[in-house]
Amino acid sequence: MSKLPIRLTVNGDSHEVSVEPRKLLSDVLREDLRLTGTHVGCEHGVCGACTVLVDGAPTRACLIFAIQMEGREITTVEGLTPAEGLSPLQQALHEEHGLQCGFCTPGIVTTFEAYLRENPDPTEADIREVLAGNLCRCTGYQNIVRAIGKAAKAMREGATT
Amino acid sequence: MKPAKFEYHKPETLEEALALLAEYGDEARIIAGGQSLVPMMNMRLAQPAHLVDINNIEGLSYIRANNGSLEIGALTRHRQVEESSLLVQACPPMPAAARNIGHYGLRARGSIGGSLALADPSAEFPLMAMLLNAEISTRSAVGARSILARDFFVSVFTTTLEPGEIVTQVSLRALGQSEGWGFRWLARRSGDYAIVNAAATLALNGAGQIDRISLALGGVGATPLRLSQLEQESRGKAVGGDWAREIAAQAAAQIDPESDKNASAEFRKELIEVLLAAALEDALRRMEGRMAA
């Protein structure tokens with residue numbers, strides 16, 4: 001089947017692209033829109049590296065077709081990064097050495113942007129439960145857990161001042 | 001790891017979707033959350049010629065009480081089941097089951113209708129459908145059906161759904177005021193399908209004997225099982241001593257699970273005993289908690 005024109009809203013910008021219906025959102029983001037912050041690991045929903053936000057909800061971009069996303073608001077890790085500096089979550093991952101190779105990091109940032117909005121004061125057990133959906137082969141997770149706890153605290157304090 | 005070609009359809013109404021399904025028959029697959037279908041398409045285990053996307057159909061996503069039953073629309077996401085205060089109050093096993101499905105990011109997208117239609121024998125919602133006397137409502141171009149869970153699940157990944165038929169709703173019984181419940185499972189990693197899962201409800205009479213009990217098991221056969229005969233035999237039994245362990249041992253004696261790469265038959269039998277006993281003890285504890293409250 002030939003390509004069809006679709007309109008996608010990504011990080012607030014509207015894009016017209018021509019894609020085959022079978023093209024995954026992860027591939028359209030990377031290949032057609034050149035937003036390579038969304039990483040593609042397992043391509044069957046296990047690793048979590050390609051997680052983006054769809055209307056604010058964390059979604060595996062490899063488990064959805066771009067053509068399904070017309071009329072939805074997509075947010076990638078690029079859209080969560082301020083023009084200057086880093087987001088509180090990114091800053092905490094940096095400070096706590098929450099990454100080595102960085103392959104899994106964009107999916108962790110997007111997932112926890114959504115989660116900390118729902119649960120701004122998570123326990124360590126809450127963080128570990130949610131983090132179980134994102135595979136990291138470098139860190140052993142300890143520093144990621146610490147970073148997310150630190151970011152949550154910083155975001156709570158930022159919200160009250 | 002890229003899906004094969006397909007033609008994409010985005011119906012706006014149920015009637016449109018049913019017409020498409022009638023036209024394309026078994027060449028068509030419905031996509032709801034896609035959290036099981038798309039991995040299968042990426043690995044080319046599924047290669048539908050037509051994909052009918054039901055995500056834009058309104059009126060398929062709701063959780064409501066109706067005459068002592070709870071009705072959940074087929075497109076309701078796992079996260080909505082998990083977070084529903086109505087279900088937490090009237091049917092607490094459902095949010096507990098939802099919370100155990102996959103991971104946070106998958107639960108935002110996966111749908112209850114999709115989980116039931118997939119019919120994985122160790123999945124959470126099929127188990128709960130058996131436990132809570134679910135009635136599954138369907139529509140097709142030729143009419144509507146209401147199917148009891150025990151008739152719905154036929155085998156591994158196989159239901160009584162016909163080509164062209166779509167799940168629209170599942171209706172479950174509410175738990176009584178003095179009824180307790182338990183849900184236990186064993187999986188090797190957080191988010192995996194259970195090797196075995198077990199669920200129970202329990203209500204006692206004034207003499208401290210079992211008045212109403214329901215027992216369901218997943219991962220021990222081609223479909224989730226409801227142990228109706230054992231439930232009958234357990235009525236009138238006093239809850240004391242090793243009561244939960246005794247019922248669970250009887251369950252294990254009646255079931256012949258198969259061995260596979262995840263677990264041997266012997267291990268599964270042992271899990272039936274351990275998990276069902278723990279689910280029953282949880283049910284008693286929660287029942288006492290509700291009575292005391």
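Every chain is numbered from 1 and lettered A, B, ... according to where its sequence line falls, protein lines coming before strand lines.
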Option in [options] with maximal non-hydrogen atom pairs under 4.5 Å from chain A:
options	result
Leu106(B), Asn55(B), Asn56(B)	Leu106(B)
Met43(B), Met40(B), His103(B), Glu83(B)	His103(B)
Arg107(B), Arg79(B), Arg77(B)	Arg79(B)
Pro39(B), Gly34(B), Gly33(B)	Pro39(B)

So for Leu51(B), is it side chain, backbone, both, or neither that comes closer than 4.5 Å to the heavy atoms of chain A?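 The side chain, not the backbone.
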
Toward chain B, the part of [X] with a non-hydrogen atom under 4.5 Å:
X	value
Asn134(A)	neither
Leu63(A)	both
Thr111(A)	both

Indicate whether any N or O donor in one side chain lies under 3.5 Å from an N or O acceptor in the other, for Asp53(B) and Gln68(A).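 The answer is yes; a qualifying pair exists.
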
Looking at Thr59(A), is its backbone amide N or carbonyl O close enough to the side chain of Arg109(B) to form a donor-acceptor pair, meaning the two atoms are under 3.5 Å apart? no

Are there over 12 heavy-atom neighbours, none belonging to Glu118(A), within less than 6.0 Å of that residue's CD?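 More than 12 within 6.0 Å, yes.
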
Can you establish whether the number of heavy atoms outside Glu16(A) located under 6.0 Å from its atom CD is more than 12?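 Counting neighbours around CD of Glu16(A), more than 12 heavy atoms of other residues, nucleotides or ligands fall under 6.0 Å, so yes.
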
Heavy atoms, side chains only, cut-off 4.5 Å: are [X] and [Y] in contact?
X	Y	result
Pro3(B)	Leu24(A)	yes
Pro21(A)	Glu7(B)	no
Val40(A)	Met1(B)	no

Looking at OH of Tyr104(B) and OG1 of Thr51(A), how far apart are the two atoms once the value is rounded to the nearest 0.5 Å? 10.5 Å

Between Phe65(A) and Tyr8(B) (judged by ring centroids, cut-off 6.0 Å), do the two rings come close enough to count as a pair?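 Here the rings of Tyr8(B) and Phe65(A) have centres that are no less than 6.0 Å from each other.
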
Walk me through it: do Met41(B) and Arg22(A) pass the test side chain to side chain contact (heavy atoms under 4.5 Å, CB included)? CA-CA 9 Å; Met41(B) 291 176 69; Arg22(A) 70 189 183 113; over 6 Å; no

